[in-house]
Amino acid sequence: MGGKEEGMRLRYKDLLGLAHLTSEEIELILHTAAPFKKLFTRSIKKVPTLRGKTVAMLFYEPSTRTRTSFELAATRLSADVLSLAVASSSVQKGESLMDTALNLEAMKVDFIVLRHSVSGAPELLARGVRAHVVNAGDGNHEHPTQGLLDLFTIREKKKKMQGLTVTIIGDILHSRVARSNIWGLTKLGARVRLCGPATLVPADMRTAFGNGVEVTYNMKEALDGADVAYVLRLQLERQQENLFPSLREYHEFYGLDAKKLSWAKKDCLVMHPGPMNRGVEIDSVVADGPQSVILEQVTNGIAVRMAVLYLLAGSSSTLYVPAPEKAVERKAL
Ligand code: CP
């Protein structure tokens, strides 16, 4: 690895969000991911690092990228993977999240990767089990490994983070991806602009995240001088009320097309966490165009998740609460 991250460890046994990580811890994860990515070009893409460990996947919401990426990350570290099919499990008979997790722990799993619709569900688990809990997306709270893979991709392409302008477009209100990205980008010195309809971009985002975050409802203003255009999926399934008049109108004002992209810097990256609603928040000509790094984000996700599993396994910490001021030893429970 080299550099000031040499010998560093993560402070907590779990990864619940980026809000509670220091910039040094984020850098540690990104630096650790780089050599793992180099493995992908080899004919044998595996290392024995987590041999004998078991990673349980507990997904209460659908996923394509995060789930397969964690499975591949664990497999490439030689861990065993246990994928609980929630739809055909005893969850359907009313078993609680905590009881499900305690049963997995009784089977001696070492990691629980959890996706859940309730914000805070991973923190609840982290308090109750000894296993390392990794948040794979909780409600509209955080999706830390998505944030990390996005940071990794931006740094890889732009060779820096400090001073970049990253414009995040769309449904900020419901987006855990946006929240993890805002925490990560601002901690590493990027400027963040949020843009979308007023109903989907709460004005208090400016104050919630401190300096370095601007809010605008005008795409031209948002993209002017942008180094990255990060398009969010319109999360129709999370919207309880009509927050914009129609998909056609949303696309007209906020859908990223070639014309709107021309307002940004010539070498502006186009990013999207997936899954995409083509023709709604992003046009295919942009999503598949030369400035798009959307599929590279997916590749980088495996390396970043390998780094997260590797570093958590090496954290000797028993701390389970992310905020330092709240940190309590598990044995004190
Ligand atoms: N980006 C992301 O979380 O995608 P999935 O829902 O497919 O995991």
Side-chain angles (χ1 to χ4, degrees), residues 18 26-27 29-31 33-34 37 40 65-66 69 143-172 175-196 201 212-214 216 218-234 251 254-305:
L18 298 192
I26 293 174
E27 293 285 10
I29 297 170
L30 302 183
H31 277 82
K37 186 173 177 185
F40 302 171
R65 279 145 292 270
T66 312
S69 180
H143 190 347
T145 56
Q146 178 70 47
L148 289 165
L149 74 89
D150 294 332
L151 295 174
F152 184 94
T153 305
I154 295 171
R155 169 75 64 70
E156 187 177 55
K157 293 289 170 192
K158 296 289 180 189
K159 313 291 181 216
K160 64 174 189 175
M161 192 64 74
Q162 190 76 33
L164 291 182
T165 298
V166 179
T167 300
I168 304 179
I169 303 156
D171 187 355
I172 315 284
S175 180
R176 54 199 178 205
V177 172
R179 284 172 183 77
S180 287
N181 264 287
I182 297 168
W183 283 121
L185 288 163
T186 53
K187 280 171 196 263
L188 298 194
R191 278 188 298 270
V192 177
R193 285 185 196 150
L194 306 177
C195 183
V201 185
V213 178
E214 298 165 30
T216 173
N218 179 301
M219 278 286 269
K220 199 163 194 176
E221 213 173 273
L223 286 167
D224 182 36
D227 297 286
V228 178
Y230 194 105
V231 184
L232 295 171
R233 183 171 72 87
L234 200 54
H251 180 258
Y254 297 105
L256 190 67
D257 55 20
K259 181 175 173 215
K260 295 191 191 86
L261 184 58
S262 74
W263 299 333
K265 282 187 180 164
K266 289 274 169 287
D267 60 351
C268 177
L269 301 178
V270 173
M271 301 179 71
H272 192 300
M276 288 187 274
N277 299 304
R278 289 172 183 263
V280 179
E281 73 264 5
I282 191 164
D283 273 6
S284 285
V285 71
V286 170
D288 305 328
Q291 288 165 256
S292 171
V293 292
I294 293 169
L295 291 176
E296 289 174 71
Q297 288 173 259
V298 177
T299 305
N300 291 337
I302 303 172
V304 161
R305 288 173 177 123

Seminar exercise, completed: Paired with Leu30, the side-chain contact (heavy atoms from CB on, under 4.5 Å) test is passed by just one of Asn300, Leu149, Leu188, namely Leu188
For this session: Please lay out, stage by stage, how Leu194 and Ile182 fare under the test side chain to side chain contact (heavy atoms under 4.5 Å, CB included).
Result: CA-CA 9 Å; Leu194 306 177; Ile182 297 168; 3.8 Å; yes
Exercise. Going by atom types alone, do His251 and Asp283 pair a side-chain donor with an acceptor below 3.5 Å?
Worked result: yes
Problem set entry | Polar side-chain atom of Arg191 near backbone of Gly163 as donor-acceptor pair, under 3.5 Å | yes
Problem set entry | Given Leu269, Thr153, Ile154, the one that forms side-chain contact (heavy atoms from CB on, under 4.5 Å) with Gln297 | Thr153
Exercise. Taking C-beta and beyond as the side chain, do Lys157 and Val228 meet within less than 4.5 Å on heavy atoms?
Worked result: no
For this session: Kindly say whether Gly289 contributes a backbone atom to a donor-acceptor pair with the side chain of Ser292 at under 3.5 angstrom?
Result: no
Exercise. Sub-3.5 Å donor-acceptor pair from the side chain of Arg193 to the main-chain atoms of Asp224, do we have one?
Worked result: yes
Exercise. For Lys160, which residues count as a salt bridge (charged side-chain N to carboxylate O under 4.0 Å, His left out) partner, sequence neighbours excluded?
Worked result: none
Exercise. Can you tell me if Arg179 uses its side chain to pair, donor with acceptor, with the backbone of His143 under 3.5 Å?
Worked result: no
For this session: For Ala33, check side-chain contact (heavy atoms from CB on, under 4.5 Å) against everything at least two apart and list the hits.
Result: Phe152, Ala303, Val304, Ala307
For this session: Without swapping roles, check the side chain of Ser180 against the backbone of Val177 for a donor-acceptor pair under 3.5 Å.
Result: no
Seminar exercise, completed: By salt bridge (charged side-chain N to carboxylate O under 4.0 Å, His left out), Arg278 pairs with (sequence neighbours left out) Asp288
Exercise. At their closest point, which heavy atom of Phe40 faces which heavy atom of Thr299, and how far apart are they?
Worked result: CE1-O, 3.6 Å
For this session: Without swapping roles, check the side chain of Asp227 against the backbone of Thr165 for a donor-acceptor pair under 3.5 Å.
Result: yes
For this session: Over all heavy atoms of both residues, which pair between Tyr230 and His272 is shortest? Give the atoms and the distance, please.
Result: OH-C, 4.4 Å
Problem set entry | Test: Glu27 and Arg155 ion pair at under 4.0 Å | yes
For this session: Mark yes or no for whether Gln291, through its side chain, and Cys268, through its backbone, hold a donor-acceptor pair below 3.5 Å.
Result: yes
